[in-house]
Amino acid sequence: IGSRTASAFSVGDTIIRAIATTKPWSLALVGDDAGRLIVINPTDGTTAEAGTATSSVYSISLATSPDRILTAERDGSVCEWQLTGHMDQLGPGASVRAKRLRVVHRHSAAAFSVRHDSLQKRYVSGGADGKIRVTEIGTGKQTARQLTDGTIFPLCIAANRILLVAGDNHGTLWLVTGSVRPKKLQGHTDTVRTAHLSPAGDWLVSGSKDGTVRLWHVASGRVWILLQ
């Protein structure tokens with residue numbers, strides 16, 4: 001960002017579905033349509049195939065530690081993986097591996113998003129079944145909540161507040177806080193593809209298939225900035 005330079009890297013001929021950055025190694029982790037997990041070193045463009053999921057990887061998120069990641073997959077499974085190897089010296093012949101540790105939980109249809117909620121110590125995912133599924137990290141207790149009759153695509157969680165936002169294929173943004181009835185933000189006219197909350201949960205930015213980007217004031221539900 002500081003140098004305002006951009007780079008492009010080739011990781012194969014399949015569709016890239018998910019990307020995340022890993023800490024503290026400053027690497028990019030990509031999931032593709034073939035289920036491959038590929039690690040990229042942005043400084044020199046070197047890549048290493050770390051592992052393979054059982055189906056297309058639609059979302060990647062960091063888990064409870066820097067060497068753990070979560071994946072949401074086309075077959076509905078949400079999985080936890082461990083990264084091992086010399087991730088600070090990625091290059092030709094580098095040994096970087098992703099080992100699947102467990103299936104955290106499953107959706108009845110494709111899982112499109114997964115997040116680690118560090119504040120409430122849980123893993124949260126959304127999918128084509130219209131449900132938010134939750135697994136508590138300490139106890140393993142699982143719960144599910146039906147939000148929509150459509151598909152949940154993005155999920156985002158406030159870092160310093162109990163607030164989760166999900167976007168669906170109807171253009172609706174769902175604000176979930178504990179057991180309170182979810183609040184709806186409506187304005188998009190097509191699928192919500194991405195959503196991000198400010199750390200305090202005061203502001204929400206969303207992008208939709210309708211061609212607009214909206215900045216929302218969460219408390220009032222008003223759109224403060226509309227880009228189209």
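- Within the 4.5 Å cutoff, side-chain heavy atoms of His116 are placed close to those of Thr64.
- Applying the 6.0 Å contact sphere to NZ of Lys99 captures no more than 12 heavy atoms from other residues, nucleotides or ligands.
- Checked against ring pair (Phe, Tyr, Trp, His ring centres under 6.0 Å), Trp203 has the following partners two or more places apart in sequence or in another chain: His217, Trp224.
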Derivation and outcome, side chain to side chain contact (heavy atoms under 4.5 Å, CB included), residues Ser65 and Gln82: CA-CA 9 Å; Ser65 61; Gln82 182 173 27; over 6 Å; no
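- In this structure, Asp129 contributes its side chain and His107 its backbone to no donor-acceptor pair below 3.5 Å.
- Looking at every heavy atom in both residues, Ile132 comes nearest to Gly126 through CD1-CA, 4.4 Å.
- No single ILVMFWY cluster, assembled from side-chain heavy atoms under 4.5 Å apart, contains both Leu215 and Leu185.
- Following chains of ILVMFWY side-chain contacts shorter than 4.5 Å, one cannot reach Val124 starting from Ile137, and the two form parts of different hydrophobic clusters.
- In this view, Thr191 satisfies the side-chain hydrogen bond (donor to acceptor under 3.5 Å, both in side chains) rule with no residue, not counting sequence neighbours.
- Here Ser206 pairs with His188, Trp216 under the side-chain hydrogen bond (donor to acceptor under 3.5 Å, both in side chains) rule; sequence neighbours left out.
- Put simply, the side chain of Leu164 does not reach to within 4.5 Å of the side chain of Arg115, judged on heavy atoms.
- The distance from the CG atom of Asp67 to the CH2 atom of Trp81 is 14.5 Å, given to the nearest 0.5 Å.
- Side-chain contact between Leu37 and Ile60 is present, with at least one heavy-atom pair separated by less than 4.5 Å.
- Residues Leu197 and Ala158 come closest through the heavy atom pair CD1-N, 3.5 Å.
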Working for side chain to side chain contact (heavy atoms under 4.5 Å, CB included), residues Val176 and Arg145: CA-CA 10 Å; Val176 183; Arg145 188 171 190 173; 3.4 Å; yes
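- Side-chain contact check for Leu227 versus Thr212: every heavy-atom pair is 4.5 Å or farther apart.
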Worked verdict on Asp117 versus Val134 for side chain to side chain contact (heavy atoms under 4.5 Å, CB included): CA-CA 10 Å; Asp117 184 347; Val134 175; over 6 Å; no
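- Shown here are the side-chain hydrogen bond (donor to acceptor under 3.5 Å, both in side chains) partners of His105, two or more places apart in sequence or in another chain: Ser125, Thr135.
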Derivation of the side chain to side chain contact (heavy atoms under 4.5 Å, CB included) call for Lys184 and Trp174: CA-CA 5 Å; Lys184 293 193 288 186; Trp174 300 82; 3.4 Å; yes
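- Atoms OG and CG, on Ser61 and Leu155 in that order, are 10.0 Å from each other to the nearest 0.5 Å.
- Counting heavy atoms from C-beta on, the side chains of Ser198 and Val218 never come closer than 4.5 Å.
- Looking at every heavy atom in both residues, Ala63 comes nearest to Glu80 through CB-OE2, 4.3 Å.
- Under the 4.5 Å side-chain heavy-atom criterion for ILVMFWY residues, a single connected hydrophobic cluster contains both Leu173 and Val223.
- If you take SG on Cys79 and CG on Leu70, they are separated by 9.0 Å, rounding to the nearest 0.5 Å.
- Two residues are said to be in side-chain contact when any heavy atoms from C-beta on lie closer than 4.5 Å; His196 and Pro154 fail this criterion.
- Formation of a donor-acceptor pair under 3.5 Å by the Arg100 side chain with backbone atoms of Ala53 is not found in this model.
- Here the shortest heavy-atom pairing between Gly187 and Arg214 reads O-NH2, 3.1 Å.
- Here His170 pairs with nothing under the ring pair (Phe, Tyr, Trp, His ring centres under 6.0 Å) rule; sequence neighbours left out.
- Atom CG of Leu119 has more than 12 neighbouring heavy atoms from other residues, nucleotides or ligands inside a 6.0 Å radius.
- Closest non-hydrogen pair, Ala195 versus Cys156, comes out as O-CB, 3.4 Å.
- Proximity of a side-chain donor or acceptor of Gln228 to a complementary backbone N or O of Asp210 within less than 3.5 Å is not detected.
- Taking all atoms of both residues into account, the shortest heavy-atom contact from Leu163 to Gly201 is CD2-O, 3.7 Å.
- A continuous path of Ile, Leu, Val, Met, Phe, Trp and Tyr side chains, each step under 4.5 Å between heavy atoms, connects Val192 with Val165, placing both in one hydrophobic cluster.
- The hydrophobic cluster containing Ile225 also contains Val213, counting ILVMFWY residues as joined when their side-chain heavy atoms lie under 4.5 angstrom apart, directly or transitively.
- Side-chain atoms of Thr177 and Lys183, non-hydrogen and from C-beta on, never get closer than 4.5 Å to each other.
- The line from OG of Ser55 to CZ of Arg74 is 5.5 Å long, rounded to the nearest 0.5 Å.
- Not a single donor-acceptor pair under 3.5 Å links the side chain of Thr148 to the backbone N or O of Asp168.
- Taking the ring pair (Phe, Tyr, Trp, His ring centres under 6.0 Å) definition, one finds that Phe153 meets it with Phe112, sequence neighbours left out.
- More than 12 non-hydrogen atoms from other residues, nucleotides or ligands lie less than 6.0 angstrom from CZ of Arg102.
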